[in-house]
Peer 1: 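I'd like to ask you about the structure that follows.
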Amino acid sequence: MEYRAPRGTRDILPPESEGWDIILSKLTVRAEEYGYKKVIFPTFEHTELFKRGIGEDTDIVQKEMYTFQDRKGRWLTLRPEGTASLARLFVEKGIDKFNGVSKYYYFGSMFRYERPQSGRYREFYHFGVEALGSDSPYLDVELISLCKDTVESFAIKDYLIYINSIGCSECRSQYILKLGGLLKQVIAYYCEDCRRRVTTNTLRVLDCKIDKHRNAELPILSDNLCPSCSQHYDEVKKGLQTLNINWQENPNLVRGLDYYNRTVFELVTPYLGESTSILGGGRYDQLISCLGGKETPGVGFALGFDRLYQVVYSNNPDFLNSPRKGVYISSPETGLWDKVFRITFDLRNRGLKAECNYQNRSLKSQVKTADKDNYEFFLTIFQKDMVLKNLTTGEEKVYENEEEEKVLVLLSGKGDMS
RNA sequence: GUGGGCGUAGCUCAACGGUUAGAGCAUUGGACUGUGGAUCCAGAGGUUGGGGGUUCGAAUCCCCUCGCUCACCCCA
């Protein structure tokens, strides 16, 4: 095979592409009900934006970005996530000067150079939702609630919302010092990865699958928050309770991007292998000021669209089934193709889904095609009359040539088959 | 970046180192000269991912390479 889609990318064909539209429109409708508005931003940005926003030491920036120089030598990077771009446009357009709360959502492909595996691609899709301008814990709750509503609107019952607070930069760094000190005494018993992590990413040690059991004695971050972070976290939990949202505290939940602080959350499902997260997010109160804007708190999440699709599909493959629609027009006589052609376009102009075929194939195979492609009607044009067949019921009726207008009106939805 | 599994028809997969590489589904035609969802018959469809080696003989064994896939790392 000469040409293939590059590694980690893929083509989305019908009926999957139709499923994408169904899911996307649900997400959009839900976000808009919550008062969020759509933004579209570039697929690539100046590399510096991501280095600043996401953090120079994160895995994303260190080894996963698609970075290149354009013809003028500018360093550009295909976006590995959306929050940095959103923050950039927020500052660039001066929205930080506005004192209200700004609520946006976006959808688009993201790019990360990783080894593909189940539910993970090099080009993948995020549906992101962000609220800027308030540090109110209610806003954190609102976003988590939107996550819950979204997932439930796809009839997914088996899911879990994890929450945690990673505090602000002050209480977090104090905790890390404390944790690091304690771990130093026992790290020899830990796995190889943890011995490395203890210096590079201390918090990750807590999340290790192998050494999980060893961590019971260690202090947890959410117990070591400063008073104001602690109060914020309590209010988030209170708000979740008010809305009857089930959550589970996960002291080991740590996000991999530097801009997060305080509330972080993740929604996991058991559908894709062993509990995979399909969305993750949190608060980022320093990001806007870090990018040169007026200090503006923010909170948001990104949903892995591809993963959501997989979950929705494995939960209910029938969601792709749609009712029969439109009409397929054909004639066994090549001399009548002109008429077939004319009627097809006439029906299209009347707003009906209409299709015909100019291949010289048997009538039988054409009906087969129409059936397979989920058409509702099959109209056969003969020399002396025409036959309209309802492909759902199998019922059919003969019409005289003079009744053509009647058939067209009927098909475009203004009559029944009488 | 590390480690496992796998590449045979459009798809899912057979074929102990031994005739001309098969089957199901899908596709095309026919039985049914003007009709789908069922059945039967027939046709078309392949450089066994690519290259090299071992052998009288390779889809099968060995090496290289490309690709896919799963897991780790990390993330959505």
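Since we're looking at a predicted model, the values are computed, not measured. Each chain gets a letter, A, B and so on, in the order its sequence line appears, and its residues count up from 1.
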Peer 1: Using the ring-ring contact (aromatic ring centres under 6.0 Å, His included) definition, which of the options A:Trp20, A:Tyr105, A:Phe305 pairs with A:Phe127?
Peer 2: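 Answer to the ring-ring contact (aromatic ring centres under 6.0 Å, His included) test with A:Phe127 among A:Trp20, A:Tyr105, A:Phe305: A:Tyr105.
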
Peer 1: Could you let me know what B:U55 is paired to, Watson-Crick or G-U wobble, both distances under 3.5 Å, or none if it's on its own?
Peer 2: none

Peer 1: With a non-hydrogen cut-off below 4.0 angstrom, is A:Gln366 in contact with a base, only sugar-phosphate, or nothing?
Peer 2: nothing

Peer 1: Does A:Thr380 have a side-chain nitrogen or oxygen under 4.0 Å from the phosphate oxygens OP1 or OP2 of B:U35?
Peer 2: no

Peer 1: In whole angstrom, give me the gap between the C1' atoms of B:A14 and B:C72.
Peer 2: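 To the nearest whole Å, 34 Å.
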
Peer 1: Does A:Ile60 reach a base, just sugar-phosphate, or nothing at all? Heavy atoms under 4.0 Å.
Peer 2: nothing

Peer 1: Using a heavy-atom cut-off of 4.0 Å across all strands, would you classify A:Arg324 as base, sugar-phosphate, or nothing?
Peer 2: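 Counting heavy atoms under 4.0 Å across all strands, the contact made by A:Arg324 includes a base.
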
Peer 1: Using only modelled atom types and a 3.5 angstrom limit, is any donor from either the side chain of A:Lys384 or the base of B:G34 paired with an acceptor on the other?
Peer 2: yes

Peer 1: Would you measure the distance from the C1' atom in B:U8 across to the matching atom in B:A23 and give it in whole Å?
Peer 2: 13 Å

Peer 1: Can you tell me how far P in B:C41 sits from the matching atom in B:C25, rounded to whole Å?
Peer 2: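 One P to the other, the span is 11 Å.
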
Peer 1: Given A:Asp346, which of A:Arg350, A:Arg348, A:Arg342 fulfils the salt bridge (Lys or Arg N to Asp or Glu O under 4.0 Å) condition?
Peer 2: A:Arg350

Peer 1: Please state the C1' separation for the pair B:A21 and B:C68 - nearest whole angstrom.
Peer 2: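 Straight-line distance between the two C1' atoms is 23 Å.
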
Peer 1: Which of these nucleotides, B:A76, B:G34, B:U69, is closest to any side-chain atom of A:Arg307?
Peer 2: B:A76

Peer 1: Going by purine N1 to pyrimidine N3 plus the second Watson-Crick contact, or the G-U wobble pair, all under 3.5 Å, which nucleotide sits opposite B:U60?
Peer 2: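 For B:U60, the partner nucleotide comes out as none, under the 3.5 Å rule.
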
Peer 1: Among the nucleotides B:G29, B:A76, B:G34, which one has an atom lying closest to any side-chain atom of A:His126?
Peer 2: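 Side chain of A:His126 sits closest to B:A76.
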
Peer 1: Would you mind classifying the nucleic acid contact of A:Tyr121 as base, sugar-phosphate or nothing, using non-hydrogen atoms under 4.0 angstrom?
Peer 2: base

Peer 1: Any N or O donor-acceptor pair under 3.5 Å from the base of B:G3 to the side chain of A:Arg115?
Peer 2: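 Such a pair exists between side chain and base.
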
Peer 1: Give none if B:A44 has no partner; otherwise give the nucleotide forming a Watson-Crick or G-U wobble pair with it, both distances under 3.5 Å.
Peer 2: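 In the structure as shown, B:A44 has no Watson-Crick or wobble partner.
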
Peer 1: Where is the tightest heavy-atom contact between A:Phe154 and A:Leu27, given as atom of each residue plus distance?
Peer 2: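 Answer, listing the atom of A:Phe154 first, then A:Leu27: CE1-CD2, 4.3 Å.
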
Peer 1: Per the side chain to side chain donor-acceptor pair (under 3.5 Å) rule, which among A:Tyr36, A:Tyr104, A:Tyr284 passes with A:Glu130?
Peer 2: A:Tyr284

Peer 1: What contact category does A:Gly394 fall into here, base, sugar-phosphate, or nothing, at under 4.0 angstrom with non-hydrogen atoms?
Peer 2: base

Peer 1: Do the side-chain N or O atoms of A:Ser365 get closer than 4.0 angstrom to the phosphate oxygens (OP1, OP2) of B:G29?
Peer 2: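 Yes, such a contact exists.
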
Peer 1: Could you check how far CZ of A:Arg361 sits from P of B:G43, rounded to whole Å?
Peer 2: 21 Å

Peer 1: Counting the atoms with a prime plus P, OP1 and OP2 as sugar-phosphate, which does A:Thr369 contact under 4.0 Å by heavy atoms, base, sugar-phosphate, or nothing?
Peer 2: nothing

Peer 1: Output yes when A:Glu16 and A:Arg10 qualify as a salt bridge under the 4.0 Å nitrogen-oxygen rule, no when they do not.
Peer 2: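 So A:Glu16 does not pair with A:Arg10 through a salt bridge.
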
Peer 1: Is the phosphate of B:A71, meaning OP1 or OP2, less than 4.0 Å from a side-chain N or O of A:Gln117?
Peer 2: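 True: A:Gln117 side-chain N/O within range (under 4.0 Å) of B:A71 OP1/OP2.
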
Peer 1: Does A:Lys364 make a side-chain donor-acceptor contact with the base of B:G29, cut-off 3.5 Å?
Peer 2: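 No pair found.
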
Peer 1: Answer with base, sugar-phosphate or nothing: what part of the nucleic acid does A:Leu279 contact at a heavy-atom distance below 4.0 Å?
Peer 2: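 Sugar-phosphate, no base atom in range.
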
Peer 1: Would you measure the distance from the P atom in B:A9 across to the matching atom in B:G50 and give it in whole Å?
Peer 2: 10 Å

Peer 1: With rounding to the closest Å, how many angstrom separate the C1' atoms on B:G37 and B:C32?
Peer 2: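 Rounded to whole Å, the distance is 16 Å.
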
Peer 1: Let's test this: given Watson-Crick or G-U wobble pairing with both distances under 3.5 Å, identify the partner of B:U19.
Peer 2: none

Peer 1: Going by purine N1 to pyrimidine N3 plus the second Watson-Crick contact, or the G-U wobble pair, all under 3.5 Å, which nucleotide sits opposite B:A71?
Peer 2: B:U2

